Amino acid sequence: MEKLIITAAICGAEVTKAQNPAVPYTVEEIVREAKSAYDAGAAIVHLHVRRDDGTPTQDRERFRECIDAIKAVIPDVILIPSTGGAVGMSAEERLQPTELFPEMATLDCGTCNFGDEIFDNTMPMMRIFGNRMMENRIKPEYECFEMGHLDTILTMAKKGEVPGAPMQFNFVLGVPGCTPATVGNLDWMVRQIPAGSTWTVTGIGRHAFTMAAAGIVMGGNVRVGFEDNLYLSRGVLARSNGELVGKVVRLARELGREIASPAEARKILNL
Ligand code: KMH
Ligand code: ZN
């Protein structure tokens, strides 16, 4: 098995300091959380940014400021800025970080329920996102919240509407209203992807570490972080993203998987 790539989703767009005081908003807090995750073993940081008051934003200059500040401290980390942003943002608003030519960015693979809300990713929108990533030579991480998202994106890749092989998928399981976080569902998704693809699993909330364990033993990769889960264990808030990553590292070591450095992750992901 390849070494395990750990992604830290350090911030997200929805979680707040009221839920966990360590959720980062300011540039300094975002750098602190990125470094804590990196020091604990994350090769990738999935990045959302906020205004200082915590409001989610896709503002290109705020992304630039955060990316530059993170790279000044941990220059080799792989950054995957979000093009999902927050529910309700327009496609143009969401696409702003692609103007900074990151090596990767997320591409969300279909419309879905998102708790009480609807996360809009129509196929025309996805074509625009796919085109932008092809033009700017950005490798997408395909975010699949639903089983049907996988069929959608594979069909679009076959038609050349979004970047094709080798594809990197992130199966985000357990969002309320989307595909539940079970090993059976994960196994089904993994069996659909083309040979040569890479994949990551993200379990939302209490599913974070059960899905991490499944990803470790199934030969995939793992994402954890405040975007997905605020707790280290039942009732115990994580004090940093590094604590969440550290728990994945311990699970991986117990289960016999080594951890990939950013350089090793770049090779595995064909960056
Ligand atoms: N904030 C969610 C609505 C992504 O980063 O591409 C979407 C999201 C996905 O976080
Ligand atoms: Zn995200």
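Note that the structure is a prediction, hence the values are computed from the model and not measured. Counting convention: from 1, in listed order, for ligands and their atoms alike. Computed from heavy atoms alone, side chains included, the values below leave out hydrogens, waters and symmetry copies.
- Using a 4.0 Å cut-off to heavy atoms of Thr106, the atoms of ligand 1 that qualify are 4 (C), 5 (O), 6 (O).
- No N or O atom of Phe114 sits closer than 3.5 Å to an N or O atom of ligand 1.
- Scanning the protein for heavy atoms near atom 10 (O) of ligand 1, the closest one is Glu227 OE2, 2.9 Å.
- By the 4.5 Å heavy-atom criterion applied to side chains, Tyr142 and Asp108 are not counted as neighbours.
- The protein atom (non-hydrogen) at minimum distance from atom 2 (C) of ligand 1 is Glu14 OE2, 3.4 Å.
- A donor-acceptor pair is defined here as one N or O able to donate and one able to accept, closer than 3.5 Å; no such pair exists between the side chain of Arg223 and the backbone of Ile6.
- A salt bridge between Glu29 and Lys17 is present, with a side-chain N of the basic residue lying under 4.0 Å from a carboxylate O of the acidic one.
- At a 3.5 angstrom cut-off on N or O pairs, Thr83 does not count as close to ligand 1.
- Remark: Asp68 does not engage Arg64 in a salt bridge, criterion side-chain N to carboxylate O under 4.0 Å.
- In this structure, the protein non-hydrogen atom closest to atom 7 (C) of ligand 1 is Phe119 CZ, 3.5 Å.
- Between Arg266 and Glu103 there is a salt bridge, with a side-chain nitrogen of the basic residue lying less than 4.0 Å from a carboxylate oxygen of the acidic one.
- Nearest-heavy-atom check against atom 5 (O) of ligand 1 across Pro140, Ala105, Ser82 picks out Ser82.
- Considering only non-hydrogen protein atoms, atom 9 (C) of ligand 1 sits nearest to Asp108 OD1, 3.2 Å.
- Residue contact check: His46 has heavy atoms under 4.0 Å from atoms 5 (O) of ligand 1.
- Within the structure, the closest approach of Ala9 to ligand 1 does not fall below 4.0 Å when heavy atoms are considered.
- Taking backbone and side-chain atoms together, Glu227 has an N/O/S atom less than 2.8 Å away from the Zn ion (ligand 2).
- Donor-acceptor pairing under 3.5 Å is recorded for the side chains of Arg132 and Thr98.
- Heavy-atom minimum distance, Met189 versus Glu146: CE-O, 3.7 Å.
- Side-chain contact check for Ser240 and Glu33: no donor-acceptor pair (N or O, by modelled atom type) lies under 3.5 Å.
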